[in-house]
Engineer: 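One structure follows; several queries about it will come next.
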Amino acid sequence: MRLKNYWLVALLFISLSSCWDFNNRNLPPPESRTKVLGHKPVYGTEVFAKGILYSPIPLPVINGGNIYAFNNFLFQVENGYGIHVIDNTNPSNANRIGFITIKGCSQLSIKNDKLYANSYDDLVVLDFSNLNSIQIVSRLNGVFTEYRYGSPIAEPPVSGYYECPRSDSFVVKWVSDSVYQSCYKQ
Amino acid sequence: MKKLSFTLFLLSLLSVIFLSCEKNGADAASSASGTGKGGSLAKFTIVGNYIYAVSSHYLYTVDISNPANPTKVNQSALSFDMETIYPYKNRLYIGSRTGLYVYSIDTASSPRLIGEAKHGRSCDPVVANDSVSYSTLKGNSFCGPATSGLYVYDVKNTNNPVLKKTIPINEPIGLGIADSALYVCCSGDGLKVYNINDGYNPVERQTISGNYFIDVIPYDDLLICWTKDGIRLYNITNRLSPQFIKLIAN
């Protein structure tokens, strides 16, 4: 009976020591682990990340998102970066005319010349009655609790490996780089 | 007697003035509602003085009666994966990965779940009118095993949506209604146009193929389509026969 117990202890020791061996010898230290081509987050200060700016220069659509119609305007979200503005006064000649930078943006809605959008988990209200001087009417912080890490900018725009972003910082863009295989987007 | 008839005259004059004011008031109110229109994949919508927004597990309500000072008035935690929100009259139709959910906003500041129709796991935007709601279910590896297609629900009793019909479609996504027409985006298979004069029995009229359609907004006589390579505009003066106007290329 007692002998059996010794055997069990010995077995346990052997199996544990094999774990020890594995952890220390078979896996290389992190810095020598192979990197793959993927995406790396670029962080910005909160003030920079939450800055809002209208530029009357049309930008190409890279990762287009939700669309919205209001009077003679159309809008399309550029997932994670802002909103394209389209002049639709004459549909046969409709074109993008500018871009509102709202980082962390994925949704918008409009009422009475006030544009409501999310910027990360905040609600921002913009007055665009005069397109050339878009005014920030208000900003309500942290309204949409799940939008911060569920924000389209929390992931790179394309599938593949990426460096998991820090949760205490604001991702303002993604760049191609060699990264450890810490996060993966399908 | 003379005095009385004069009083009556004054009263009727007043009531005429009052009625005409009332009319102006109503007109002003409808233009003052002043909201735009989003696609069926939207997670944000404005009804009256409130923004309703969904994320995977929450429905948020924000009072925007004073845009300079918006106030969050409600956040309901829900156990299903919500994907989209579509307002119709005093109801919110919420598409989720597990079913169709109907909320009453009779009390605008606190939406209340009043009806649901569960289905297998799948992605699920929804549009509706008085008697019928249409959902597309996209059963794939990401969204689950439910049968892909157009799902037609009787919602005359919003407390109990009843599945009336399913029409198999490979990979449907966004959809939109304009009077007697239903537009369904079918990914790489194009845009399908259905006649919904008989709401529970959509009849396919045509497919606009050759492009990857994601979502649509019928906006008066204009059909705004989000396609993979840009925004496509169609004239839908004839609802069942969209005429191409322009591609705003990415």
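For clarity, every value in this text was computed on a predicted model and none was experimentally measured. The sequence lines fix the lettering, A, B, ..., with proteins before strands; numbering per chain opens at 1.
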Engineer: With a 4.5 angstrom heavy-atom cut-off, is it the side chain or the backbone of A:Leu74 that approaches chain B, or both, or neither?
Structural biologist: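 Side chain of A:Leu74 only, per the 4.5 Å heavy-atom cut-off to chain B.
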Engineer: Let's test your reading of the structure: which of B:Asp220, B:Val216, B:Leu41 forms the most heavy-atom pairs below 4.5 Å with chain A?
Structural biologist: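 Ranked by heavy-atom pairs under 4.5 Å with chain A, first place is B:Leu41.
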Engineer: Measure across B:Ile224 and A:Ala69 and return the closest heavy-atom pair with its distance rounded to 0.1 Å.
Structural biologist: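 What the structure gives for the nearest pair is CD1-CB, 3.7 Å.
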Engineer: Check whether any side-chain heavy atom of B:Pro70 lies under 4.5 Å from a side-chain heavy atom of A:Val125, and answer yes or no.
Structural biologist: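 The answer is yes, as the side chains (C-beta and beyond) meet within the 4.5 Å cut-off.
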Engineer: More than 12 foreign heavy atoms under 6.0 Å from CZ of A:Phe48: is that the case here?
Structural biologist: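 12 or below, so no.
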Engineer: Counting only N and O atoms by type, is there a donor-acceptor contact under 3.5 Å from the side chain of B:Lys246 to the main-chain atoms of A:Ala94?
Structural biologist: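 Judged by distance alone, yes, a pair lies under 3.5 Å.
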Engineer: When you look at NZ of A:Lys173, are more than 12 heavy atoms from neighbouring residues, nucleotides or ligands closer to it than 6.0 Å?
Structural biologist: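 Count not over threshold, so no.
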Engineer: Report which part of A:Asp113 has an atom under 4.5 Å of a heavy atom belonging to chain B: side chain, backbone, both, or neither.
Structural biologist: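 The answer is neither part of A:Asp113.
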Engineer: Would you call B:Val62 and A:Val143 a side-chain contact if the rule is heavy atoms closer than 4.5 Å?
Structural biologist: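 Result yes, sub-4.5 Å side-chain heavy-atom pair found.
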Engineer: Given that the side chain runs from C-beta out, which part of A:Ile136 has a heavy atom under 4.5 Å from chain B: side chain, backbone, both or neither?
Structural biologist: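 For A:Ile136, no heavy atom lies under 4.5 Å from chain B.
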Engineer: Pick whichever of A:Gly65, A:Gly64, A:Pro60 has the most heavy-atom pairs under 4.5 Å with chain B.
Structural biologist: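 Heavy-atom pairs under 4.5 Å are most numerous for A:Gly65.
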Engineer: So which residue, A:Asp127, A:Ile67, A:Asn95, A:Leu108, ends up with the most heavy-atom pairs under 4.5 Å with chain B?
Structural biologist: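 When all of A:Asp127, A:Ile67, A:Asn95, A:Leu108 are compared, A:Ile67 has the most.
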Engineer: Can you tell me which portion of A:Arg96 sits under 4.5 Å from chain B's heavy atoms? Options are side chain, backbone, both or neither.
Structural biologist: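 Both backbone and side chain.
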Engineer: Please check if any side-chain donor atom of B:Asn49 sits under 3.5 Å from a side-chain acceptor atom of A:Lys111, or the reverse.
Structural biologist: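 Side chains of B:Asn49 and A:Lys111: pair found under 3.5 Å.
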Engineer: Mark yes when over 12 heavy atoms from residues, nucleotides or ligands other than A:Lys185 sit less than 6.0 Å from its NZ; otherwise mark no.
Structural biologist: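 Correct, the count exceeds 12.
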Engineer: Which pair of non-hydrogen atoms, one from A:Ser92 and one from B:Ile245, has the smallest distance, and what is that distance?
Structural biologist: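 Between these two residues, the closest heavy atoms are CA-CG2, 3.5 Å.
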Engineer: In sequence, state the C-alpha distance, the side-chain angles, and the governing distance for A:Asn88 and B:Leu233, and then conclude on side-chain contact (heavy atoms from CB on, under 4.5 Å).
Structural biologist: CA-CA 10 Å; A:Asn88 190 37; B:Leu233 304 175; 3.6 Å; yes
Engineer: With side chains defined as the heavy atoms from C-beta onward, is the minimum distance between A:Leu123 and B:Tyr60 less than 4.5 Å?
Structural biologist: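 A side-chain contact under 4.5 Å is absent here.
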Engineer: So, the side chain of A:Glu146 versus the backbone of B:His57: is there a donor-acceptor pair under 3.5 Å, distance only?
Structural biologist: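 Checked: pair present.
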Engineer: Can you check whether B:Lys37 reaches A:Tyr68 side chain to side chain, under 4.5 Å on heavy atoms?
Structural biologist: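 No, every pair of side-chain atoms sits at 4.5 Å or beyond.
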Engineer: For chain A, which candidate among B:Gly39, B:Pro67, B:Gly38 shows the most heavy-atom pairs at distances under 4.5 Å?
Structural biologist: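 Most heavy-atom pairs within the cutoff with chain A belong to B:Pro67.
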Engineer: Looking at B:Thr45, B:Ile64, B:Leu222, which has the largest count of heavy-atom pairs under 4.5 Å with chain A?
Structural biologist: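 Ranked by heavy-atom pairs under 4.5 Å with chain A, first place is B:Ile64.
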Engineer: Measure the shortest side-chain to side-chain distance between B:Lys43 and A:Tyr147 over non-hydrogen atoms and say whether it is less than 4.5 angstrom.
Structural biologist: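 Answer yes - side chains close enough.
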Engineer: Which region of A:Ser106, side chain (C-beta onward) or backbone (N, CA, C, O), has a non-hydrogen atom less than 4.5 Å from a non-hydrogen atom of chain B, or is it both or neither?
Structural biologist: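 Contact with chain B involves no heavy atom of A:Ser106 at all.
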Engineer: When the ring centroid of B:Phe44 is compared with that of A:Phe144, is the distance short of 6.0 Å?
Structural biologist: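 Yes.
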Engineer: Drop me the distance from B:Gln75's CD to A:Thr145's OG1, to the nearest 0.5 angstrom.
Structural biologist: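 Between atom CD of B:Gln75 and atom OG1 of A:Thr145 there are 4.0 Å.
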Engineer: Measuring from A:Gln76:CD to B:Asn250:CG, what's the distance to the nearest 0.5 Å?
Structural biologist: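 Reported to 0.5 Å precision, the distance equals 6.5 Å.
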